[in-house]
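Below, all heavy atoms of this structure are taken into account, side chains as well, without hydrogens, waters or symmetry copies. Bear in mind that the values here come from a model prediction, so they are computed numbers and not experimental data.
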Amino acid sequence: QVRLVESGGGSVQAGGSLRLSCAASGYTYSIHCMAWFRQVPGKEREGVGSIYTGGGNTYYADSVKGRFTISQDNAKTTLYLQMNSLKPEDTAMYYCAAKNSYNCILGFWKLNGDNYWGQGTQVTVSS
């Protein structure tokens with residue numbers, strides 16, 4: 001079992017920055033992919049970016065490329081999402097996810113698949 005706990009959300013004005021963290025515990029050795037998703041009420045959860053924990057390869061949604069950066073600590077137990085140049089449309093609940101498979105590209109994540117999820121952290125960007 002893997003437990004994920006997000007932190008770092010908050011309110012910021014447009015153009016500002018936030019850094020989210022996701023602390024993983026439990027059987028983290030079994031995790032090969034981690035990702036950030038976000039969701040607004042009434043819409044499906046969408047992938048923001050993902051990382052192959054073994055090699056550090058990262059993948060991003062077009063909407064955040066050049067503004068968001070995913071990284072991990074050396075122990076590969078904490079995932080980060082650095083968010084710069086935030087826009088009001090980035091407002092959402094942000095979730096950390098992890099899975100055992102090696103298919104880390106965002107398109108290979110199935111929302112109802114065998115993933116671990118955190119409880120989410122709210123990000124609000126005001127104009």
* How about T91 and V40: do any of their side-chain heavy atoms sit closer than 4.5 Å? -> no
* L81 reachable from V123 in the ILVMFWY side-chain graph, under 4.5 Å edges -> yes
* Side-chain (T121) to main-chain (L20) donor-acceptor, under 3.5 angstrom -> no
* Beyond-backbone contact of T69 with Y80, side-chain heavy atoms, under 4.5 angstrom -> no
* Asked: Do K76 and T28 come close enough that some side-chain heavy atom pair is under 4.5 Å?
  -> no
* How long is the gap from OH on Y59 to CG on L106, to the nearest 0.5 Å? -> 9.5 Å
* Spacing of Q119 atom CD and C96 atom SG [to the nearest 0.5 Å] -> 9.5 Å
* **Atom pair CD/CD of Q39 and E44 - distance to nearest 0.5 Å** => 8.0 Å
* Electrostatic pair K87-D90, nearest N-O below 4.0 angstrom -> no
* To do: Decide whether Y95 and L111 are clustered together by the hydrophobic rule: side chain heavy atoms of Ile, Leu, Val, Met, Phe, Trp, Tyr closer than 4.5 Å, transitively.
  => yes
* Under 3.5 Å donor-acceptor, S50 side chain and M34 backbone -> no
* Asked: Centres of the F68 and W36 rings: under 6.0 Å?
  -> no
* **Shortest non-hydrogen separation from C33 to S101 and the atoms involved** => SG-O, 3.1 Å
* Exercise: identify the closest heavy-atom pair between W109 and C104 -> NE1-O, 3.0 Å
* Asked: To the nearest 0.5 Å, how far apart are CD1 in I70 and CD in Q82?
  -> 12.0 Å
* Inter-residue atom distance E6.CD - C22.SG, 0.5 Å rounding -> 5.5 Å
* To do: Drop me the distance from H32's NE2 to N100's CG, to the nearest 0.5 angstrom.
  => 6.5 Å
* Asked: Within the distance-only criterion (no hydrogens, no angle test), does the side chain of N115 pair as donor or acceptor with the backbone N or O of K110 below 3.5 angstrom?
  -> yes
* Asked: Do F108 and Y52 share a hydrophobic cluster (ILVMFWY, side-chain heavy atoms under 4.5 Å, transitive)?
  -> no
